[in-house]
Amino acid sequence: MKVVLAYSGGLDTSVAIKWLQEKYDAEVVTVTLDVGQMEDLKAIEEKAKVLGARRHYSINAVEEFVDRFVARAIKANALYQGKYPLHSALSRPLIAEKLVEVALKEGADAVAHGCTGKGNDQVRIEVTVKALAPHLKIIAPVREWELTRDREMEYARKRGIPIPVKDKPYSIDQNLWGRSIECGPLDDPYAEPPEDAFEWTVNPLKAPDEPAYVTLTFENGLPTMLNGVEMKLKDLIMELNKLAGRHGVGRIDHIEDRVVGIKSREVYEAPAAVCIIEAHKDLEKMTLTKHELEFKSVVDDKWSRLVYEGLWCDPLREGLDAFIDKTQERVEGEVRLKLYKGNVMVVGRRSPRSLYELDLATYEEWSKFDQKLAKGFIELWGLQTYLAKSRGGRAEPDVGGKAQRSKR
Ligand code: ARG
């Protein structure tokens, strides 16, 4: 049997190489994706080879991740349950796609991943694999073997698998859109996250006393310039992660509902994501009609839930994207952000497509808004409300004393 394993270089997937060889007598091919997690892919490849991987694929998927996944998340203002920018969730369908690609090329019988049976990642990877290549068997060693951490270490020691010297008690998953931090002291939802949980953001207390101003320029709903300098989206995100991180912006502490029903405490760092989504939402308010905004917030929320729940491949996601893309044709302009001690504030916005009309909004004499028209408007706007009220409401007091029951 030939198995293609999604390999991160960590202990779980390292143990999985040996386990697949022993339990299934499998020939193991390993795959590692670069999605901007800033790890040494060469070292990961060497480790896989030492552990007996027959072949290893290092795939640079950064641009594809940004263009196909992160860009759509920006247009959809994607924040699961209003908080989580979905960075981990967005990378899983891409990892699954690449696993399938390699499996087909290698003529493999199965794919394998190191996700546990408690999380969302198993759902995201397996749903995608099943949708793309239903004939492939899926093996989830970590879920099947139910090893405790201690027994896993013992297994590793016996087989000469290097055990990473862990200085921190956290489980980390990261890519250029954000960093997820779980476990250890974070399991107590009442305890404030210790400072050492954070790596991309400084403690707001230690952030500079001077605020930083950042201008983001958007075209078709995506940022194309940072402070007037044109950049590829991937470079803009990396730059903004550093800039906003220096001001302590992007820390998120969230109680989250997992697909499998568990509530979990999740801590994230996503400086660029938090800034970009804040700016993007603001620019949409300036350029989209109130009807579009109202409907889009429902679509955005549905999009985030679908992606969180592993249904990237569902046709509904593409349908929602088609609607979203249509609205984004008019989302262009500039947003000015102020970064200060852990906060990001929109302090200015302008757009050639702006629906904000000073001539209408101003209280100065030159206003073009004809206030006389408002009188008739109010007559019609409240018509049914006046009628209902006059027929006698039950719960509210009859303030005017005018309620009369209609007696036909
Ligand atoms: N709770 C987040 C999610 O479900 C983060 C998962 C992080 N994954 C991990 N292997 N640490 O998307």
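Only a predicted model underlies this, so the values are computations on that prediction, with no experimental measurement involved. Residue numbers start at 1 and run along the sequence shown. Counting starts at 1 for both ligands and their atoms, following the listed order.
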Novice: With backbone taken as N, CA, C and O and side chain as the heavy atoms from C-beta onward, which portion of Y80 lies under 4.0 Å from ligand 1: side chain, backbone, both, or neither?
Specialist: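 None of Y80 does.
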
Novice: Considering only the protein, which heavy-atom contact is closest to atom 10 (N) of ligand 1, and what is its distance?
Specialist: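 In this structure, atom 10 (N) of ligand 1 has D121 OD2, 3.5 Å as its nearest protein heavy atom.
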
Novice: With side-chain hydrogen bond (donor to acceptor under 3.5 Å, both in side chains) as the criterion, how do S180 and S88 come out once you've worked through the C-alpha distance, each side chain's angles and the decisive distance to 0.1 Å?
Specialist: CA-CA 7 Å; S180 306; S88 297; 2.8 Å; yes

Novice: Just to be sure I read this right, does ligand 1 sit under 4.0 Å from the backbone of E182, its side chain, both, or neither, counting only heavy atoms?
Specialist: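 Looking at E182 and ligand 1, just side chain atoms fall under 4.0 Å.
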
Novice: Before signing off on this row, confirm whether Y84 and ligand 1 have an N or O atom pair separated by under 3.5 Å.
Specialist: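 Yes, since at least one N or O of Y84 sits under 3.5 Å from an N or O of ligand 1.
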
Novice: Report the residue from Y80, W177, Y84, F198 that forms a ring-ring contact (aromatic ring centres under 6.0 Å, His included) with Y268.
Specialist: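 In the set Y80, W177, Y84, F198, the residue that makes a ring-ring contact (aromatic ring centres under 6.0 Å, His included) with Y268 is Y84.
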
Novice: Can you name the atoms of ligand 1, numbered from 1 with element, that are less than 4.0 Å from a heavy atom of D173?
Specialist: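 By the 4.0 Å cutoff, the relevant atoms are 8 (N), 9 (C), 11 (N).
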
Novice: Looking only at the side chains, is there a donor atom on one of Y170 and E199 sitting less than 3.5 Å from an acceptor on the other?
Specialist: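 Not at all, the side chains of Y170 and E199 share no donor-acceptor pair under 3.5 Å.
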
Novice: Considering only non-hydrogen protein atoms, determine which one is nearest to atom 5 (C) of ligand 1 and report residue, atom name and distance to 0.1 Å.
Specialist: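 Nearest neighbour among protein heavy atoms for atom 5 (C) of ligand 1, to 0.1 Å: S180 OG, 3.7 Å.
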
Novice: Quick one: do K98 and E64 make a salt bridge, cutoff under 4.0 Å?
Specialist: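 So K98 pairs with E64 through a salt bridge.
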
Novice: Counting each atom of ligand 1 from 1 as listed, which ones have a heavy atom of N120 under 4.0 Å away?
Specialist: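 Result: 3 (C), 4 (O).
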
Novice: Please write down residue, atom name and distance for the protein heavy atom closest to atom 1 (N) of ligand 1.
Specialist: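 Protein heavy atom with the smallest distance to atom 1 (N) of ligand 1: E256 OE2, 2.8 Å.
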
Novice: Just to check, does R258 reach to within less than 4.0 Å of ligand 1 when the distance is taken from its heavy atoms?
Specialist: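 It does not; every heavy atom stays at 4.0 Å or beyond.
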
Novice: Checking E256 against Y308: is there a side-chain donor and acceptor pair closer than 3.5 Å?
Specialist: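 A pair is found: one side chain offers a donor N or O, the other an acceptor, under 3.5 Å apart.
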
Novice: Ligand 1 versus E309, non-hydrogen atoms closer than 4.0 Å: side chain, backbone, both, neither?
Specialist: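 None of E309 does.
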
Novice: Polar-atom distance check: E266 versus ligand 1, any N or O pair below 3.5 Å?
Specialist: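 The answer is yes, given that E266 and ligand 1 share an N or O pair closer than 3.5 Å.
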
Novice: Can you tell me which portion of L86 lies within the under-4.0 Å heavy-atom range of ligand 1? Options are side chain, backbone, both, or neither.
Specialist: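 None of L86 does.
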
Novice: Give a yes or no on whether the ring-centroid distance for F69 and W312 is below 6.0 angstrom.
Specialist: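 Yes, the ring of F69 comes within the 6.0 Å limit of the ring of W312, centre to centre.
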
Novice: Under a plain distance cut-off of 3.5 Å, with no hydrogens placed, do T215 and E334 share a side-chain donor-acceptor pair?
Specialist: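 Side-chain D/A pair, E334 to T215: absent.
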
Novice: Within the supplied structure, the quantity of interest is the number of heavy atoms (other residues, nucleotides, ligands) at a distance under 6.0 Å from K49 NZ; does it exceed 12?
Specialist: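 Enclosed.
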
Novice: Are any of the side-chain nitrogens in R251 or E195 under 4.0 Å away from the carboxylate oxygens of its partner?
Specialist: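 Answer for the salt bridge query: yes.
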
Novice: Which protein non-hydrogen atom lies closest to atom 2 (C) of ligand 1, naming both residue and atom, and how far is it?
Specialist: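 Protein heavy atom at minimum distance: Y268 OH, 3.3 Å.
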
Novice: Are any of the side-chain nitrogens in E266 or K83 under 4.0 Å away from the carboxylate oxygens of its partner?
Specialist: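 Here E266 does not pair with K83 in a salt bridge, since their nearest N and O are not under 4.0 Å apart.
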
Novice: Show which atoms of ligand 1 fall inside a sub-4.0 Å distance from at least one heavy-atom site of R124.
Specialist: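 Result: 3 (C), 4 (O), 12 (O).
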
Novice: Under a 4.0 angstrom heavy-atom cut-off, which atoms of ligand 1 come close to S171?
Specialist: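 Reading through ligand 1 atom by atom, the close ones are 11 (N).
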
